[in-house]
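Predicted model only: the values in this text are computed from it and were never measured. So you know, we letter chains A, B, ... as the sequences are listed, proteins then strands, and number each from 1.
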Amino acid sequence: MEAKTLFDKIWDGHVVRSIKDGPDVIYIDRHYIHEVTSPQAFNGLKQRGIPVFRPGNTIATADHNIPTKDQHLTIHDELSRNQVERLAENCKTYGIEYFGLNHSKNGIVHVIGPELGYTQPGMTIVCGDSHTSTHGAFGTIAFGIGTSEVEMVLASQCILQPKPKKMKITINGKLNKGVTSKDIILYIISEISTGGGTGYFVEFAGSAITSLSMEARMTICNMSIEMGARGGLIAPDETTFEYLRKVSSIHGVKDFEKALEGWKKLKSDEGAVFDKELVFDAAVILPMITYGTNPGMGMAVNDSIPQSDTKGGSSSESFLKSLNYMGFKPGMKLLGHPVDYVFIGSCTNGRIEDFRAFAQMIKGRKKAANITALIVPGSKLVEELMKKEGLIKIYEDAGFEVRQPGCSSCLAMNEDKIPAGKYAVSTSNRNFEGRQGPGARTLLASPLTAAAAALTGKITDPRELLNN
Amino acid sequence: MPKVKFEILESTCVPLPLENVDTDQIIPARFLSATSREGFGDNLFRDWRYLKSGEKNSDFVLNNPKFSGNILVTGKNFGSGSSREHAVWAIFDYGFRAVISSFFADIFKNNSLNNGLLPIIISEELLKKLHNLIQTDPSAKVRIDLEKQTLTILPTGDSVKFEINAYKKECLLKGLDDIDFLLSMKDQIADYETTKSMVK
Ligand code: SF4
């Protein structure tokens with residue numbers, strides 16, 4: 001039998017029909033929806049007068065457009081409130097399970113899917129949100145879609161997709177001290193650029209990947225979209241099964257043991273052919289930070305900004321426009337550069353492990369006076385755990401305030417905006433112009449690097465502050 | 001999904017020769033609270049088009065009376081970032097019917113095709129040539145023939161064939177809709193569920 005990649009196995013198993021010279025009709029096992037990209041899709045269903053085909057396969061949450069303070073009160077902004085209310089209403093009308101504001105299972109869509117046991121190996125998963133790639137950490141084909149496609153999935157539980165090409169990225173070796181999975185993915189994107197993965201679905205492999213926890217793997221797959229890839233996935237292994245065993249027992253996932261048998265077969269066959277293969281050495285990766293306005297413009301935190309975009313291949317006009325927006329110059333060092341804001345959260349680094357890492361560094365220390373910190377758990381469950389583990393206390397003792405869950409400053413649809421011209425070290429995934437508020441200057445980094453900046457008030461190599 | 005047909009488009013072009021233009025620039029997140037598809041064109045490229053004071057930024061191409069037309073000619077890696085279809089709605093609502101680049105982000109490309117906005121990929125050399133031409137002669141027209149899959153720069157006569165998958169081409173030419181197609185397959189989908197689906 002022909003050797004197949006994991007991606008091929010899952011994809012081929014979900015083809016309902018192949019259209020000649022066209023896309024495949026792919027069956028979707030799990031559909032996540034949220035308030036921002038779903039209303040127009042529901043309008044479409046209404047206009048056609050059709051129901052949601054399989055409401056049981058869809059899970060809804062409110063996350064993008066919600067406040068992170070006083071969630072028990074009504075949402076002040078009228079448009080935001082309307083959007084959230086429309087989602088609640090649509091879910092009720094069409095029989096979709098909805099975790100609204102204040103629900104104990106509410107949170108960022110890509111945080112709650114895994115932690116509640118809805119994301120399982122071998123599935124096809126879509127959501128009207130590009131970071132759906134996060135769920136690939138469990139060995140799924142998970143990708144972001146547009147609103148027309150959300151409508152397709154609601155209407156038929158299927159989507160029309162051309163099959164992407166396959167890439168394998170192997171990272172071998174042991175990670176340096178102070179280096180996290182966020183640094184791995186920022187490093188890879190800085191090497192291959194934001195367009196380096198376009199047209200591909202990426203499988204991540206190698207000893208540096210298999211040594212990671214599920215949370216850390218999710219960070220990698222989450223940002224696979226930032227290199228242009230359709231998505232990223234990692235073959236499930238004991239770490240995956242262990243995580244799912246725990247989650248299943250908490251949330252009562254049925255037939256765990258039976259499912260496990262199937263999940264164990266989910267890996268690329270020996271000799272399976274990828275369209276492209278890249279290999280990296282973990283030993284060369286240092287704590288990373290971005291200096292520009294796309295996630296490919298990254299470097300080791302103690303490095304200098306390059307003279308030109310040699311790796312990304314952007315023209316000098318685009319490169320300088322970007323540095324100009326950031327208030328930086330080619331050749332500049334960033335260590336010691338003052339920072340105004342620190343944001344810990346998002347579907348990239350808003351999981352319990354991220355808050356533990358942050359807590360470990362700030363414990364017994366104090367927040368720098370010039371820093372405004374936005375500490376935003378990815379979900380209600382994460383918030384609960386933070387309380388239980390005494391992390392909130394550690395944060396408060398160090399001078400930090402912990403917010404309520406949501407996307408928050410990651411895309412600044414709510415009030416959590418970084419003011420124009422201010423610098424924010426952020427654990428989110430995008431440093432685009434204005435992403436965190438008009439004129440905001442975002443520096444993407446790991447929770448450790450963000451913690452170091454929060455304590456010193458400037459860009460700092462986190463290794464200097466590690467509490468063994 | 002609007003049922004728009006696309007056959008032949010002949011128009012002058014609006015040049016935006018920047019690379020890596022992401023969907024946050026095309027339509028910033030703070031304008032995504034609407035619940036209908038209409039009206040996004042007013043905020044297309046909002047933060048480049050308007051100054052902080054709220055006045056129009058005369059340096060930005062959409063505010064330059066020299067350039068107009070239904071074709072947006074961009075730089076490499078256009079439409080990266082968020083999956084927001086609002087980006088395509090904004091471009092379409094503004095009046096563009098085709099976007100030309102040497103490289104598009106995947107989701108943006110799919111979203112465009114699903115909304116009757118034709119994304120056309122040409123080589124970097126030709127893209128450069130086209131940008132130079134538009135700058136020197138803003139009245140230069142480009143003709144896009146979807147049936148023949150050709151793009152012709154009229155003043156120079158440069159003509160190239162562009163790629164589009166046959167299914168999507170058919171949909172655009174006839175104004176067909178993916179959802180009608182999927183709904184016609186309901187029995188087949190139900191069959192798949194009983195025989196293969198792992199989620200019950
Ligand atoms: S946290 Fe940011 S990237 Fe993640 S879903 Fe929310 S807005 Fe999107």
Q. Relative to chain B, which segment of R435(A) carries a heavy atom at a distance below 4.5 Å: side chain, backbone, both, or neither?
A. both
Q. Going by heavy atoms in the side chains, are P438(A) and R30(B) under 4.5 Å from each other?
A. yes
Q: Quick one: which of G128(A), P162(A), S156(A) has the most heavy-atom pairs under 4.5 Å with chain B, could you say?
A: S156(A)
Q. Any ion pair linking R37(B) and E151(A) (charged N to carboxylate O, less than 4.0 Å)?
A. yes
**Q.** Closest-packed option against chain A by number of heavy-atom pairs under 4.5 Å, given A87(B), S36(B), A105(B), G75(B)
**A.** S36(B)
**Q.** Between CZ on residue R430(A) and CG on residue D24(B), distance to nearest 0.5 Å
**A.** 7.0 Å
Q) What option among T23(B), V88(B), L183(B) has the most heavy-atom pairs under 4.5 Å with chain A? A) L183(B)
Q | Q40(A) versus T35(B), side-chain donor and acceptor atoms under 3.5 Å | A | no
Q.
Between A420(A) and chain B, with a heavy-atom cut-off of 4.5 Å, which part of the residue counts as in contact: side chain, backbone, both or neither?
A. side chain
(Q) side chain to side chain contact (heavy atoms under 4.5 Å, CB included) for K321(A) and L18(B)? Distances and angles first, verdict last. (A) CA-CA 10 Å; K321(A) 180 177 180 290; L18(B) 286 172; 3.8 Å; yes
Q.
Quick check for you: among N414(A), L411(A), L160(A), which has the greatest number of heavy-atom pairs under 4.5 Å with chain B?
A. L160(A)
**Q.** Atom group of Q25(B) that falls short of 4.5 Å from chain A, counting heavy atoms
**A.** side chain
Q: Measure the spacing between CE of M152(A) and CD1 of I179(B) and express it to the nearest 0.5 Å.
A: 6.0 Å
Q | Donor + acceptor pair across side chains of N20(B), S318(A) (<3.5 Å) | A | no
Q | Test log, rule side chain to side chain contact (heavy atoms under 4.5 Å, CB included), inputs R17(A) and I189(B) | A | CA-CA 9 Å; R17(A) 171 173 169 188; I189(B) 298 168; over 6 Å; no
Q | Contact class of V36(A) relative to chain B, heavy atoms under 4.5 angstrom | A | both
Q: Answer yes if the side chains of N77(B) and T194(A) hold a donor-acceptor pair under 3.5 Å, and no otherwise.
A: yes
Q. What part of F108(B) lies closer than 4.5 angstrom to a heavy atom of chain A: side chain, backbone, both or neither?
A. neither
Q.
Out of A259(A), S130(A), G22(A), return the one with the most heavy atom pairs under 4.5 angstrom to chain B.
A. S130(A)
Q. Which atoms of K52(B) come close to chain A, meaning under 4.5 Å heavy atom to heavy atom: side chain ones, backbone ones, both, or neither?
A. side chain
(Q) Are the side chains of S148(A) and N111(B) in contact, using a 4.5 Å heavy-atom criterion? (A) no
(Q) I need the residue from S38(A), A41(A), P23(A), G144(A) with the largest number of non-hydrogen atom pairs under 4.5 Å to chain B. (A) P23(A)
Q) Under a 4.0 Å N-O cut-off, is there an ion pair linking D129(A) with R84(B)? A) no
Q. For the candidates S80(B), A166(B), G81(B), which exhibits the highest count of non-hydrogen atom pairs separated by less than 4.5 Å from chain A?
A. G81(B)
Q: Please test S83(B) against I145(A) for side chain to side chain contact (heavy atoms under 4.5 Å, CB included), starting from the C-alpha separation and ending with a verdict.
A: CA-CA 6 Å; S83(B) 62; I145(A) 57 177; over 6 Å; no
Q.
Run the side chain to side chain contact (heavy atoms under 4.5 Å, CB included) test on E170(B) and I19(A) for me, step by step, so that the C-alpha distance in whole Å, both residues' side-chain angles and the decisive distance to 0.1 Å come before the verdict.
A. CA-CA 12 Å; E170(B) 186 83 0; I19(A) 301 169; over 6 Å; no
Q: Indicate yes or no: does D21(A) engage K168(B) in a salt bridge with an N to O separation below 4.0 Å.
A: no
